[in-house]
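Reckoned from all heavy atoms, side chains included, excluding hydrogens, waters and symmetry mates. Model, not experiment: these values are computed from the prediction.
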Amino acid sequence: MKTLSGSSFLRLFDMLITIGNPGLKLDRWKIGDAQVERERHSFSGRTHCFAIDVYMLTHEGRKGWKLMIAKEYWWDGDHKHAIRAQAWVRLIEGSRRDAMAWLRSKEVDLQRGQGID
């Protein structure tokens with residue numbers, strides 16, 4: 001993973017949330033020593049529908065940071081055809097370097113088969 005905005009970050013984030021919260025049944029959970037909160041905002045109309053999942057990934061402490069990750073999905077009014085999907089991430093607080101170091105450590109843990117705790 002090289003940046004917070006690349007596809008490798010999004011793949012890592014998807015793996016972390018899938019392992020940490022299978023089926024997305026929880027609105028709040030931990031990944032190791034970081035807190036994750038998820039909110040879904042959605043609309044369903046006659047001609048179109050959309051949902052935006054907003055995740056706040058927070059690591060507290062001396063080298064604390066906070067990331068906001070938004071995943072946006074659009075469909076036709078019947079939910080039969082996906083129209084658009086996109087995701088983005090923004091550092092809200094703290095150091096990009098500290099956030100990247102934490103994420104890289106989780107990536108290494110997963111590669112070694114050690115889990116995320």
Side-chain angles (χ1 to χ4, degrees):
M1 182 187 59
K2 294 181 181 179
T3 69
L4 290 176
S5 60
S7 59
S8 62
F9 165 79
L10 293 171
R11 279 192 301 275
L12 174 62
F13 182 72
D14 285 344
M15 283 191 289
L16 292 173
I17 63 173
T18 299
I19 292 168
N21 186 4
L24 292 176
K25 296 176 183 169
L26 304 172
D27 292 329
R28 181 180 288 175
W29 69 98
K30 291 188 88 92
I31 296 174
D33 55 355
Q35 180 72 38
V36 184
E37 294 185 50
R38 174 184 173 261
E39 292 181 353
R40 171 164 271 206
H41 307 274
S42 62
F43 169 80
S44 185
R46 188 179 56 75
T47 61
H48 67 282
C49 309
F50 67 83
I52 301 171
D53 291 332
V54 179
Y55 297 88
M56 296 300 287
L57 179 60
T58 306
H59 185 269
E60 295 182 349
R62 190 173 64 84
K63 292 187 174 189
W65 46 264
K66 183 184 289 188
L67 294 175
M68 175 187 279
I69 301 98
K71 299 176 119 194
E72 184 177 329
Y73 311 94
W74 289 79
W75 302 272
D76 66 356
D78 295 327
H79 275 99
K80 291 182 181 176
H81 299 92
I83 297 171
R84 180 181 176 99
Q86 68 180 28
W88 53 267
V89 60
R90 178 78 57 193
L91 181 68
I92 303 296
E93 294 176 5
S95 160
R96 180 175 299 273
R97 183 181 315 147
D98 293 338
M100 289 293 291
W102 185 89
L103 289 159
R104 285 187 183 118
S105 75
K106 294 299 164 206
E107 185 175 37
V108 168
D109 290 347
L110 289 173
Q111 289 170 349
R112 291 180 179 166
Q114 296 176 342
I116 56 173
D117 292 329

Next on the checklist: Hydrophobic clustering (ILVMFWY, side-chain heavy atoms < 4.5 Å, transitive) - are Leu26 and Val54 grouped together?
Outcome noted: no
Item to check | Least distance between heavy atoms, His79 atom then Cys49 atom | outcome: CE1-SG, 3.4 Å
Checklist entry - Under the salt bridge (Lys or Arg N to Asp or Glu O under 4.0 Å) rule, what pairs show up with a residue in residues 49-64, not counting sequence neighbours? => result Arg38-Asp53, Arg40-Asp53
Checklist outcome for this item: One should read off an interatomic distance between Ile69 CD1 and Phe9 CZ, to the nearest 0.5 angstrom, of 4.5 Å
Checklist outcome for this item: Between Leu4 and Met100 the two heavy atoms that sit nearest each other are CD2-SD, 3.5 Å
Checklist entry - To which residues is Trp75 joined in a hydrophobic cluster, defined by side-chain heavy-atom contacts under 4.5 Å among Ile, Leu, Val, Met, Phe, Trp and Tyr, whether direct or through other members? => result Tyr73
Next on the checklist: Listing request: all salt bridge (Lys or Arg N to Asp or Glu O under 4.0 Å) pairs with a residue in residues 9-29, at least two apart in sequence or in separate chains.
Outcome noted: Asp14-Lys71, Arg28-Glu37
Next on the checklist: Count I, L, V, M, F, W, Y as connected when their side-chain heavy atoms are under 4.5 Å apart, and connections chain through other members. Are Trp65 and Trp29 then in the same cluster?
Outcome noted: yes
Next on the checklist: Do Ile17 and Trp88 sit in one hydrophobic cluster, given that two such residues count as connected whenever their side-chain heavy atoms are within less than 4.5 Å of each other, even indirectly?
Outcome noted: no
Next on the checklist: Within the structure provided, determine whether His41 and Phe50 are in side-chain contact (heavy-atom separation under 4.5 Å).
Outcome noted: no
Next on the checklist: Other residues, nucleotides and ligands only: do more than 12 of their heavy atoms fall within 6.0 Å of NE2 on His81?
Outcome noted: no
Item to check | Inter-residue atom distance Arg104.CZ - Asp109.CG, 0.5 Å rounding | outcome: 14.5 Å
Checklist entry - With sequence neighbours excluded, what pairs up with Trp74 under the side chain to side chain donor-acceptor pair (under 3.5 Å) test? => result Glu72
Next on the checklist: Walk me through whether Phe43 and His48 qualify under side-chain contact (heavy atoms from CB on, under 4.5 Å).
Outcome noted: CA-CA 8 Å; Phe43 169 80; His48 67 282; 3.7 Å; yes
Next on the checklist: For the CD1 atom of Ile31 and the OG1 atom of Thr58, what is their distance to the nearest 0.5 Å?
Outcome noted: 11.0 Å
Item to check | Pairs where residues 73-84 contributes a residue and the test salt bridge (Lys or Arg N to Asp or Glu O under 4.0 Å) is met, not counting sequence neighbours | outcome: none
Item to check | Pairwise salt bridge (Lys or Arg N to Asp or Glu O under 4.0 Å) hits with a residue in residues 41-50, at least two apart | outcome: none
Item to check | Heavy-atom closest pair, residues Trp102 and Ala34 | outcome: CZ2-CB, 3.5 Å
Item to check | Sole residue of Asp98, Leu67, Val108 in side-chain contact (heavy atoms from CB on, under 4.5 Å) with Leu103 | outcome: Leu67
Checklist entry - If two hydrophobic side chains count as joined below 4.5 Å and joins carry through other members, does Tyr55 share a cluster with Ile19? => result yes
Item to check | Nearest-0.5 Å distance that lies between atom CE in Met68 and atom CG in Leu91 | outcome: 11.5 Å
Checklist outcome for this item: All heavy atoms of Met56 vs all of Ile92, minimum pair found to be CE-CG1, 4.2 Å
